[in-house]
Structures are given as structure tokens and as C-alpha cells.
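Working notes for the structure below.
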Amino acid sequence: MRRSAALLTAGAVAAALTAAVLPHAFAAATGCRVDYTVVSQWQGGFQGDVKITNLGDPITSWSLGFDFANTGQRITQGWNATWSQSGTRVTAASYSWNGNLATNGATSIGFTGSWSGANPVPASFALNGTTCTGAVGPTTGAPTTSPTTGTPTTGPTTPPPPTGTTPVAINGQLRVCGVNLCNQFNRPIQLRGMSTHGIQWFGGCYNNASLDALANDWKADVFRISMYVQEQGYETNPTAFTNQVNNLVEMATARGMYALIDFHILTPGDPNYNLQRARTFFAAVSARHASKNNVIYEIANEPNGVSWASIKSYAEQVIPVIRGNDPDAPVIVGTRGWSSLGISEGGNETEVINNPVNAQNIMYAFHFYAASHQGPYRDAVSRAASRIPLFVTEFGTVDYTGSGPFDQASSTTWLNLLDSLKISYANWTFSDHTESSAALLPGTCSGSNYSGNGVLKPSGQFMRSRIMTADNFPTS
Ligand code: IDC
């Protein structure tokens, strides 16, 4: 077919010329086009989308390089490629499942990044060493306004989860059986793992190196993704936060960990304040992850100052949204008094036992902070554990502020109790916040090493030692 030269892009012309002067008749033609779009941008952060079009001969793998304009621009998480950054130079390498690009074939990759000072578009895009032509898509500049629907822009394009000895490979799809969480062999199991801090503040702590450390060094079974709704969280940019959560789910999935999606309501304490946001958010994430077997939904972190009847009403409106897309995933419902089964507001577990949420395959959240919550709280868990399914989706080894001394004695008593009852847990937090509940020493997330005790505070060292012991998951 004859094409008018006027229709050829600059990149294709360059590629054609390169091919023409090469001495070998069969030298591959190369060429590429890149469309770079800032999907959204907010104070200190942004999400970028990079569409790569191959204008040369078919290729079976690719590596895309580009230069950020300044060192304040950093990739914090990427997807659909293996991302790395050295100085201002960024490299994204194909996976086996998206390496094939026919002539004129295109693929999209993306990332979330941080910026300070200014966030100009990158330059010097090159695919397998060939400079690309390109176009810069619309950039948002100012923080985006909140759309009312939060359908994510990135597609479900994760590589299949690993098989073998990971927690998900062994246990598969979980479901609630009686008062326990059961694996694919219908046997009760306990998941042990860590919670993020607020991803609006500590997103930089969750990257390939830190997730590798959690999966391989800590041997964590579960990764809780805490998406605050207020406090500069989801309500400020639903699309960006939905995408950030989705990306973290993919990162946990790729490592064979369970992903616990935490809709982190806290203030105001009535979850119904965020009912519409919850519907929108859970519709999006449950659609995205419907085919996965490792996602657990936590629909209200810590209701407070609100009746159990109101929490139950909220749950019975949000759970059907999730089940409409993902019918078999366990869902966890927060309880009264900051998920204390009512204890912190003068109640107790009987309000749940006598008036349970009208839905199947659900569990109830219980939270504690070991230095603050002891005897009466342990007694409530001991009583409730034989009546209703519990999941400790958050606890601290310190006091309820997230600070104060690490209470090893109380934490040990608590975890021994949870172990004996096979109650799953996630510890607050896998982050480098200065507060004592944070596992990592301050500054850890600015580096690239997250493994071993050398990067951990006392609470982190304790939690790692508890979580890394053998799981002994039943396999028949
Ligand atoms: C705390 C964080 C702290 C942050 C504060 C405000 O540790 O850095 O400033 O939230 O959002 C909870 C909540 C959890 C709290 C934690 C410790 O679920 O969001 O995190 N906590 O106070 N319930 C009991 C304690």
C-alpha cells in the first residue's frame, strides 16, 4: 500500500531512513510514538498515563525510557511494566504478557508519582533505544474536582498471580465458615499481616521493594490498604484514590498476598455520611477485582458516635453493591465504638449477636491498641469469638493515639489470644511515620531497603517476628 509521505509521522520517517541506510537488507525498522497524559494531579502527587505505539516492525519485548525534567519528580508506583528510576531517567520494561507489539500496535502503562516545585512533562522518550515522536495529552494543572462516579481509567491487566507456596496459592478463595475464615479446603485459617498508614500521606512507602519485603522477608499473608475517606483522602479525588487502591491490590496479588481494601472512615464516625461515596468506590473496586480470589472488602473502618442499627443499615446497602460484581468475596463490617464491638461506647458484642447484618459471608471488625485496651476488651473477644466471625483488621502495639511506648507484654497476650482463636489480623502500620506504632524507622521509605530488622522500630521488629513464623495452612 502506498502512503503519502505527508501522513508519516516524524518517527516513522526517522525509522524508514534508519532502515534505508543500514547495510543489511533485513534490518528491522524501528519507530514509535508516545502519548503522555497527566490523568490527574494533586498537591505533591500525580498520575501519569503513557500510551506506546510501535511504528516499526513487530517486537516481542520493549523498554521505554524517558527523562523527567527535575529530580523532584519521582515514580512511586507503576503498573503494566516494571518501573525503575535513576536520577531523572525513568525506565519501564514490558512484562511477558504485554511485550508483543505488532506494527501500529499500542499498549498503555501508567504510574503514580510525586512532584515538588514543578511537574513539567518528561522528554527524550525512547523505545528500545529509538527516539519516539509524541504528543502530550491534557494535563490537569490544578487539583482535579471530584467526579461523582469513580470508574478507574486503567484496565484489569495484571499478570496472573504466582502459583506455589504463597498464602493465596495455598488457600485460594476464602469464605466465612461458621465463626471462622476458611480456605479452599474448607479449613479454618488465620491471616497475619500489616496495614498501610493513610495512603494519601504514605503512598511512597508502598512500592515493589517494600511489598517484596512484606511478602518475602516478613512472610505476610495479608496487606491492608487504608484509604481514608476524609483527611485529604478519597473525597478529594475519587478517581485517583480508586486507582491507587487498585494498583496496591495488583501489587499484593502479584506477590500472592490477600488484599484487604479498607474504606477508612473515622471522622465523622457515622458511615452513612459516606454512603454514596462507599457505593461509588465499592462498585468500582469490586468490578475491577471480581475475578481475583484474594480480595477482602472492609466497608467501614471505625464507626463511632453512631448506633449499631445505623451501621447495620449502612452495611446492608453497601454489601449488595459489592456482591453484584464479586459475589464470593468476604466482606468485613466495622462495629460500634471504633470497631470495639461496642465496648468503648458502653455496649458489648450482644448488640451484634442479637441483630446481625443480613448478609452471608461477612465478618465483624474488632480493633484494639494494646497499651489502652486490655481486660474487658479481651474478655469481649473471647466471648464473641464463639458466636460471630471476627477479623482484627487493625490493631496497634501502643496506645490508641498510635503513639506512646511499645507495650510488648499486652501485645503478646493479645496476639496469643488471636492465634489460639485463629482470628486474622493486620497491624497498624507498615510505614515510616515517626509515631511508635509505625513499623519502619523514619526515612526508610526514602530508600530502597525494607527487609530485615535494621529498618525497624521495636514494634516493627516484634511484628515481623510474630508474622514470619510458619503458617501451617491446611492443604486438604
Ligand atoms: C492515626 C494515625 C495518625 C494520624 C491519625 C489521624 O496513626 O498518624 O494522624 O490517625 O488520622 C485508629 C484509626 C487510625 C489511627 C489510629 C491511631 O483507625 O486511623 O491512625 N487509630 O490513632 N483507631 C484507633 C487508633
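As the structure is a prediction and not an experimental result, all values here were calculated from the model. Atom set for the values below is all heavy atoms of this structure, side chains included, hydrogens, waters and symmetry mates excluded. First listed ligand is number 1; within each ligand, the first listed atom is number 1. Starting from 1, each residue takes its place in the sequence as its number.
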Answer yes if the side chains of Tyr228 and Asn301 hold a donor-acceptor pair under 3.5 Å, and no otherwise.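 Side chains of Tyr228 and Asn301: no pair found under 3.5 Å.
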So that I can tick it off, tell me whether Glu250 and Lys292 are bridged by a salt bridge, with the cut-off set at under 4.0 angstrom between side-chain N and carboxylate O.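 Salt bridge present between Lys292 and Glu250.
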Provide the full list of side-chain hydrogen bond (donor to acceptor under 3.5 Å, both in side chains) pairs with a residue in residues 333-342, sequence neighbours left out, each pair given once.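 Sorted pair list: Arg336-Glu351.
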Please, which pairs that meet side-chain hydrogen bond (donor to acceptor under 3.5 Å, both in side chains) have at least one residue in residues 269-278, sequence neighbours excluded? Gln230-Asn274, Asp270-Asn272, Asn274-Arg277, Gln276-Arg279
Give every residue pair that meets the disulfide (SG to SG under 2.5 Å) criterion with at least one member in residues 188-219, sequence neighbours excluded.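 Every disulfide (SG to SG under 2.5 Å) pair that includes a residue of residues 188-219, provided the two are not neighbours, is Cys205-Cys445.
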Chain-and-number sorted residues having a heavy-atom contact under 4.0 Å with ligand 1 are His197, Trp201, Tyr228, Glu231, His264, Leu266, Asn301, Glu302, Tyr369, Glu394, Tyr400, Thr401, Gly402, Trp428, His433, Glu435
Relative to each other, are the rings of Tyr377 and His373 parallel, tilted or perpendicular (30° and 60° limits)?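 Plane angle between 30° and 60°, so tilted.
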